[in-house]
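Order of the sequence lines sets the chain letters (A, B, ...), proteins ahead of strands, with each chain counted from 1.
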2 protein chains.
Amino acid sequence: MKLLPTGKGAGAKPQGLRDRVAAYVIEKITTGEWATGYRIPSENELVATFGVSRMTVHHALRDLASQGFLARRSGSGTYVAEPSAYIAEYAHLDVIREIEDRGGVHRADVLTREIVQPPSPIATAFGAADTGPLFHAVIVHFEDEIPFELEDRWMDPVFIPDGMAIDLSHQTLFSRLMRIRPYRQGSEQVRAVSISAREEQLLAVPSGTPALEVLRKTWSAAGVVTVARMLRAGLNGAMNGCIRASSDF
Amino acid sequence: MKLLPTGKGAGAKPQGLRDRVAAYVIEKITTGEWATGYRIPSENELVATFGVSRMTVHHALRDLASQGFLARRSGSGTYVAEPSAYIAEYAHLDVIREIEDRGGVHRADVLTREIVQPPSPIATAFGAADTGPLFHAVIVHFEDEIPFELEDRWMDPVFIPDGMAIDLSHQTLFSRLMRIRPYRQGSEQVRAVSISAREEQLLAVPSGTPALEVLRKTWSAAGVVTVARMLRAGLNGAMNGCIRASSDF
DNA sequence: AAGTGGTCTAGACCACCGT
DNA sequence: CGGTGGTCTAGACCACTTC
């Protein structure tokens with residue numbers, strides 16, 4: 001083997017070679033020179049253009065494909081991906097962390113904590129009618145003593161064996177679950193709803209205040225783990241997200 | 001060089017070697033054997049374990065890191081990433097496509113289309129007070145002749161030179177913009193709001209119906225491209241997202 | 001100084017697509 | 001069949017962290 005591979009070792013550029021290739025492709029796309037669906041130069045052509053190895057080009061394109069810029073078809077070529085849909089990402093923190101990140105003080109009121117047979121809509125959400133008793137909690141989260149979020153959660157007791165005992169003032173069920181079994185998958189639905197008089201009272205908002213309702217269902221390989229309904233009303237009730245139009249540059 | 005590199009060419013396994021390494025790591029994490037913060041075996045150790053080249057291990061771990069499972073610290077090691085926050089992704093389609101994907105029929109009413117000096121809050125959103133006249137459109141999108149979304153959009157006229165002329169019944173301003181200048185970045189804010197009597201009338205909902213308000217701001221390298229306010233009320237007004245708890249397996 | 005991940009190479013074989 | 005992307009290797013050098 002050679003002692004000095006021509007690339008990095010010798011007269012390396014300030015930036016990585018991979019990044020240079022990627023930047024080149026990105027520029028062509030963003031300037032519109034390579035439109036959606038355009039077939040970009042092959043790996044070997046880019047190898048010739050940049051004088052780098054094919055692996056370098058390959059990984060540059062691979063990364064761009066994983067970021068949604070390119071679509072690669074083995075045996076055919078690499079194409080500029082269609083950006084017709086864009087992704088909005090909402091980074092949900094743990095409620096406690098969300099509040100504390102804003103500099104607020106969190107407090108939780110546990111209104112209900114029980115292990116009971118769920119009503120049928122909840123049982124349905126858990127996938128089967130033969131669900132056994134489930135852990136159920138209703139919690140009001142305060143920010144600086146102002147009600148911020150009303151959480152109504154059902155959970156398979158298997159995942160929080162100590163659910164009836166743990167202190168919920170300083171940790172959320174969510175974070176608790178995370179510690180026991182991280183990495184799950186789920187779906188979320190967001191709506192604007194009118195809420196009941198009791199919910200208005202718990203959230204301390206005037207009658208008729210619209211609320212943001214988030215329905216969340218979380219599952220792991222073993223099945224549905226937890227189903228939750230979160231209500232937010234008033235000034236801090238917004239959700240903030242970041243649009244990633246197939247990318248983040 | 002050898003003609004038969006020991007790996008793939010000869011007695012290859014059904015799955016890729018990279019995937020085997022990745023699957024191994026994933027299993028350790030999901031079973032909890034490697035907890036959050038745990039320092040996993042080094043690349044060289046995994047090389048020894050699996051009998052593959054370091055590049056293979058490296059790319060397996062690199063992929064897992066980009067998916068949020070691992071955090072790699074150069075010079076230190078590879079650690080199981082903290083999944084304390086999770087990401088909810090909302091794949092927004094073009095409104096027209098969203099409706100048609102549901103099997104509905106789309107129609108748009110253009111209530112306003114003008115190029116005017118924006119009111120100061122809009123000018124502020126565009127980043128500077130010295131904004132020139134902006135393209136402004138107010139559009140009601142119907143699904144099967146039922147009002148579905150009210151769109152109020154301001155846009156830099158540079159990005160839609162033919163904005164006053166184009167037919168907006170069969171394409172959205174968004175898709176139009178996409179075609180001219182794809183790949184942008186933005187932010188989004190979702191709230192539950194009460195809407196004005198006129199908005200209730202346009203959306204054909206009873207007085208007091210809560211609405212989902214999405215404020216969206218989009219920019220490119222050149223600055224803010226467009227600012228939009230979308231209102232949805234009633235049954236179809238939900239936003240559906242998918243939770244990606246640092247992953248999608 | 002030893003170990004870690006980050007990067008790059010030159011070559012090889014493969015499955016697949018297109019003609 | 002020639003070209004495309006997909007994968008893997010063995011070796012090399014680097015910047016960095018850790019002790």
Set of residues satisfying ring pair (Phe, Tyr, Trp, His ring centres under 6.0 Å) with respect to Tyr90(B), sequence neighbours excluded: Tyr90(A)

Sequence-distant partners of His58(A), ring pair (Phe, Tyr, Trp, His ring centres under 6.0 Å), two or more places apart: none

Taking only nitrogen or oxygen atoms into account, show me every contact under 3.5 Å that the protein makes with nucleotides 2-5 of chain D, one pair per line with its distance.
residue, atom, partner, partner atom, Å
dG3(D), N2, Gly75(A), O, 2.9
dT4(D), OP1, Ser42(A), OG, 3.2
dT4(D), O2, Gly75(A), N, 3.0
dG5(D), OP1, Thr78(A), OG1, 3.0
dG5(D), OP2, Glu43(A), N, 2.8

If the condition is side-chain hydrogen bond (donor to acceptor under 3.5 Å, both in side chains), which residues does [X] pass it with, not counting sequence neighbours?
| X | answer |
| --- | --- |
| Glu100(B) | none |
| Thr172(B) | Asp94(B), Ser175(B) |
| Ser76(A) | Tyr79(A) |
| Asp152(A) | His136(A) |

Distance, rounded to the nearest Å, where [X] contributes [atom1] and [N] contributes [atom2]:
| X | N | atom1 | atom2 | answer |
| --- | --- | --- | --- | --- |
| Tyr79(B) | dG3(C) | OH | P | 16 Å |
| Asp63(B) | dC8(D) | CG | P | 11 Å |
| Leu46(B) | dT9(D) | CG | P | 13 Å |
| Arg18(A) | dC13(D) | CZ | P | 20 Å |
| Leu70(B) | dG5(C) | CG | P | 11 Å |
| Met55(B) | dA12(C) | CE | P | 18 Å |
| Leu17(B) | dA10(D) | CG | P | 11 Å |

Lys/Arg N to Asp/Glu carboxylate O, Arg62(A) vs Asp63(B), below 4.0 Å: yes

With Val47(A) via side chain to side chain contact (heavy atoms under 4.5 Å, CB included) - residues at least two apart: Arg54(A), Val57(A)

Rounded to 10 degrees, the angle between the two terminal axes of the helix from dA1(C)-dT18(D) to dC16(C)-dG3(D), each from five pairs: 10°

